[in-house]
Structures are given as structure tokens and as C-alpha cells.
Amino acid sequence: MQTLISLLEERLRTAVSYAGEIEPRVTGTADPRFGDYQTNVAMLLAKQQRANPRQIATQIIERLDVSGICETPEIAGAGFINFRINTAFLNRRFNELCHDEMLGVSRAKPKKIVLDFSGPNIAKPMHVGHIRSTIIGDTLARVARFLGHEVIADNHLGDWGTQFGKVIYGWKNWRDEAALAARPVEELVRLYKKANALSEQDETVLRACRDELVKLQGGDAENIAIWRQCVELSWHEFEQMYALLDVHFDKHLGESSYNDRLAPLVAKLESTGIAEQSEGATCVFFRDDSALADKPCLIRKTDGGFLYATTDLATIEYRIERWNPDEIWYVVGAPQALHFEQVFGVARKMGVTAQLRFIPFGSILGEDRKLMKTRSGDNVQLRELLEEAQQRARAVVEQKNAALSDEEKNEIATVIGIGAVKYADLSQARMTDYVFSWDKMLSLQGNTAPYLQNAFVRIRSIFRKIETGSWEAGKEDGALAEPSEISLAKKLMQFGETVPLVLDDFRPNILANYLYELANTFHGFYEACPVLKADEPMRSTRLALCDLTARVLERGLSLLGIRAPEKM
RNA sequence: GCGUCCGUAGCUCAACUGGAUAGAGCGUUGGCCUCCGAAGCCAAAGGUUGUGGGUUCGACCCCCGCCGGACGCACCA
């Protein structure tokens, strides 16, 4: 289904073709007084031609055919052309929308996309710092799929690093089987910390840890077996977090999957002259790029070891060979900007043509406004956050809806609590840093997920009250009349305009903002217009509005990875 | 030192990428449940968008200079 914006742009394109090359753009208006949609194309043309914008606007309107869509367009301000949708068209459009499975969203030209996100480290707990990549990545996957793209969601786990020397040393000397069974990651962290602390005091422990690492890297059977258990135990615990968050992956190919490709890759880069020796290390220089001229990408250390960038390059090579995607998206924190600039630069030198897109996000800061460090153990853990969220939601459910069974209350508390946490993150612009705050992440009032869920619940409650058969979706032929009916219908039509914008610049928050506005408009309608007590055909029209609102809310929330409960 | 990102109401954040009188939530103040779920609705107060210039019909947004902050700049990931 074509959006109103693209319909208006199409008509405008024909109307302005006389004036030369220009792509007219239509946007929603800032204020209903200016109608529903506007274009600034007359002002842009006027600038090109050094002419009077209002005169140009008049000429455009003379050539513009939007009859049957809007009232006569008006010229306002410095030369805006304002459009007001006419009621007959709105009614027809609303009816079509009620029957559209895609709820007004048109599918995009399908692409194959590898989406790299989350990527927690094995043997370390997931903390609040991991939540952004996980949630933003999952939302982008959901939106991309809804628009018709093929997405391969790949969790690039940090399962191969120097920390394993210490973990293995600890494992061999102090592991507690019971603790390992109950809270595996916690136990692995304990072992790591103990080994770390001791090796700072005792040279022999430090050396022993290094030996374990060398043995692991050399393929020692015992150490490989221990490492594999660490991976499995950690992954098992991560899976619980992902299940709770309702986040899913198609692949979880960790860094270790690429070990065998590192040496051949470096050899290839050297033999093709892309990489060279410098100060004993192997690196790739970007001499033709002034910004990167003094920032080579290191791919092999003086001691022969490989680096982060080497693994990432091998990963790109693998993904291209295996899937030949059109694009690869990386949802990774903004501090890694330089790293990815370098890696992408090397990839291009290697002849990679797939679009490589770095999708950075702002950091979560501690109370001191400093970055929450992954290394310092005193971060708020993800498990803690999600448990607290459920508890707070549970307390509110208890107070609002005491009659429900315990099972229902718990189920609702999960949907509400987790939804609130996800929405708190997704409703924010991607690049802004934010200070972690329990109250903010766990707020259940105002611009939050429960606000949207509540609108949905109100609607479901209405439908529980009508007899089956007394209303059927799609049978209505009433007319939108009340102002709050009309503004709700108009808002519903914007869903199709909003969803594709999310992928334009990878901004889930514009979908979140839209859903908030939709819920807000619905609440306004709900206060102003009785539904069940209205006379026919008004009742049917209002039921249709409710039904469509519920479907858009449910779909929109599901694109954000948030569930819509029947009751709360 | 160089580079990247950022600075908006008391607090936390938006602003459809250059559009019209900069909007929400929290908090504060006042009003609305004998009516479909009050996790809601309505209203009030709150701003020189860090700062000084520039570009233009028009700037929170683009350019330059300051001030303040976070992060990154060769062998961690």
C-alpha cells in the first residue's frame, strides 16, 4: 500500500517537472493548523531560480492534481504548500488500511543482511552495557525482516581471549562444582578474579596463567576441553537472558570460529602487498587517506599473535564466502569507531564490495558520568536489572489487578517490566550517552512501554465485552466524523510512513516516538468517544478504529521486541 | 596535541536530517472515576537551544573560533 506521502510526492513530481530537476519532498506538518502534510519544494525552486517562492507555489498548484485526495492546497508562510486530507478520501483510505495485512507499510527491495550484535564475552557476566547492542540490534533485525529483507542475526561472541589463561588456571586449582552448576558465570568470574589478584602478587602464578594460555592456543586437549565447557556454561546462561529479553539469533559464531583463518589471511594480505612490516608488527597503512594516514591497522603483533582487527577481517571474509550478503551491519558502541573505520578500509582493499555499516550507539555512563567499564566488576548486571524490573512491575500488578492468579501476575510482570527496560533504551536517540538510572529504566508511567501496553489493554477489554458476531472486522461502513476519530485515523496512517524511516539512519526511537503519539492520540479518542454505547453505524466505525489501533500497537511493539498483554 | 561524539525546561530526553510559535515524560500546582480499565485524560508554570561570529528567505541542525564533557589515537578485546 502506497503511503500518502509518496502519493503526494508522486503528484508533485509531475507538477514541478516543468521547472527542471528537483525531487519534491513531503513531510507531516508541525501544527494541525497548517493541514496534515506540507512541502517546501516551491522555496527550493525559488532559491534555484532566484524567484518569488509564493509565485512559484502558485504555479505549482495550478499544475498540481490532488483532487480526490486533499482540499485545495494552501500557500502559507514563506512559501509552504499545505495539504489537508479530505474526509471522503480519509474514509476510503481508512477502510483499505483495515484490510491491509502490512498495516500500510510497503515492502522494500529485498536485501540480504548480516547483522552483528550483542557479542558478550564468555566467562564474564552480561551487564547493563550489553543491553544497547542487544536490543537495538534485535529491533533492527525485526524491522528489516518486516520490510522484507533477509536477515542473518549473528552473535559474535567474545569466546577467545587472554582472560582464558587465568580462568583455566583457576579452574584447575579452585573450582567449586556446586557453584559452577548453580551460577556458572559467577563462578568463572570468581576463578578469574582470584587468579588475577594472585598473579599480581606472585610471579609464578602469573607465569602459570600464561602457560595455560599458550597451551590453550596451541591446542592442548585438556585446556581446550575446559575452555569448551566455559563457553557452554556461559552460553547457557546468556540464553536465559536472551529468552527473557525475547532476543533471537540465527548464528552464534564466536571469535574462536575464525582462529584457523587468521594466519592464512595475514599471509594473503602480505603477499598481495596490502599489509607490510613495521616496527616488527604486520600492519596495513592508509597513506592515501589523510584522516588515517598515521593510523595503521595492526593485524599481527611482534610476538606473532593476532589481534581484534585480524579476527574481524577474517569474519568479514567468512561472511562474504558463506552468505554473499549485500550488507553487513555492526551494532557496536561508538568508542569503536576508529577500529571499524580501519577494518572496513582494509576490507575494501581486499576487494569487499558488500556495504559495511557501523551502527554506533552512545555509552551508558555511571553515576559519575564516566563510562561504565566492562572490566570493573561493579557494574550493574543485566540479570539484576531484569529481575528488579520484573519485581517492580509485579508490585504494581498486585496493586492494580489483585484478582488475577499468581501465574497471570508473574507473566504480566515480565511483559511489563522487560518491556519498560527495552523501551527506555529504544525510545532514546541512538547516539546519546545516558547515565544509568534504575528509576528511569524501570519507570512504568508517562512515556514508557506500559503506557503503550495500557492503550492496547483498554482496547482488548472493550472487545471482551462485545458478543462474538456482533461486530466483524472489515464489515463496517460508517464514517469518521468526530475530531478525535479523525486525528486517530490520520495517526494510524502514519505507521506506514514511519517504519521504513527506522532503517534510513537506524533509529528505533522514531518508531518508539510514533507509537507513543499513537497511544496518546488513542487515549484522547477513548476519553472523548464512547465506543460500546454509541449508536450504529458510529459504534462499528469506532470499533474499527479500536481494532486497527490495537493491531498497529501490537505490531509496532513487536518490532521493538515488546509484547502486548491482554490484561495488566 | 590530533580525531570522533556531545552540550536543549529544575531532572531525563525529543525535535521527521535546513522549515512555520523548540516538544514530551518525571517533578511541582490545580481539575476529571454513579460512563468501555485512572499504568489514563485536561490545564498551568517552566527556554536567549553552552558561548561569540558567519552562511540564507529561514539555523538546535551547516561553517569558523572559544568554554565544558565523554571517548579514541601501534601490538587488549
A:Pro508 and A:Ile136: which non-hydrogen atoms are nearest, and at how many Å?
->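 The answer is CG-CG2, 4.2 Å.
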Lys/Arg-Asp/Glu bridge criterion (N-O < 4.0 Å) met for [X], [Y]:
X        : Y        : result
A:Glu212 : A:Lys166 : no
A:Arg132 : A:Asp425 : yes
A:Glu398 : A:Arg392 : no

[X] near the nucleic acid: base, sugar-phosphate alone, or nothing, with a heavy-atom cut-off under 4.0 Å?
X        : answer
A:Asn520 : sugar-phosphate
A:Glu517 : nothing
A:Val397 : base
A:Leu307 : sugar-phosphate
A:Glu255 : sugar-phosphate
A:Ala334 : nothing
A:Thr448 : nothing
A:Leu298 : base
A:Ala76  : base
A:Phe306 : sugar-phosphate
A:Tyr526 : base
A:Asn40  : base
A:Pro530 : base
A:Cys297 : nothing

Any donor-acceptor pair under 3.5 Å joining the side chain of A:Asn82 to the base of B:rA20?
-> yes
For the [atom1] atoms, the ones on [N] and on [M], what distance do you get once it is rounded to whole angstrom?
N      : M      : atom1 : result
B:rC11 : B:rG53 : C1'   : 32 Å
B:rA9  : B:rA45 : C1'   : 11 Å
B:rU34 : B:rU17 : P     : 46 Å
B:rG10 : B:rC67 : P     : 25 Å

With both distances under 3.5 Å as the test, what is the Watson-Crick or G-U wobble partner of [N]?
N      : value
B:rG1  : B:rC73
B:rC60 : none
B:rG65 : B:rU51
B:rA45 : none

Return no unless some side-chain N or O of [X] is found under 4.0 Å from OP1 or OP2 of [N].
X        : N      : answer
A:Arg542 : B:rC36 : no
A:Thr432 : B:rG7  : no
A:Asn401 : B:rA39 : no
A:Arg430 : B:rC6  : no
A:Arg458 : B:rA38 : yes

For the side chain of [X], starting at C-beta, report the closest nucleotide among [options].
X        : options                : value
A:Lys47  : B:rA74, B:rC57, B:rA14 : B:rC57
A:Cys283 : B:rG40, B:rA77, B:rA74 : B:rA74
A:Arg507 : B:rA39, B:rG25, B:rC16 : B:rC16
A:Asn447 : B:rC16, B:rG25, B:rA20 : B:rG25
A:Arg25  : B:rC13, B:rU17, B:rG72 : B:rU17

Nearest whole Å is fine: how far is [N] [atom2] from [X] [atom1]?
X        : N      : atom1 : atom2 : answer
A:Tyr451 : B:rA24 : OH    : P     : 11 Å
A:Leu444 : B:rC26 : CG    : C1'   : 13 Å
A:Gln342 : B:rC73 : CD    : C1'   : 9 Å

Residue of the set A:Phe358, A:Phe361, A:Phe344 for which ring pair (Phe, Tyr, Trp, His ring centres under 6.0 Å) holds with A:Tyr330 | A:Phe344
Return the stacking result for B:rA20 and A:Phe34: yes when the ring centres lie under 5.5 Å apart and the planes under 30°, no otherwise.
->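 Stack criterion met.
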Can you check whether A:Phe80 stacks with the B:rA20 base, using ring centres under 5.5 Å and planes within 30°?
->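 Yes; centroid distance and tilt both under limits.
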Non-hydrogen side-chain atoms of A:Leu452 and A:Tyr423 separated by less than 4.5 Å |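 With C-beta onward as the side chain, the pair touches.
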Working for ring pair (Phe, Tyr, Trp, His ring centres under 6.0 Å), residues A:Phe463 and A:Trp471 | CA-CA 9 Å; A:Phe463 282 98; A:Trp471 180 82; 5.5 Å; yes
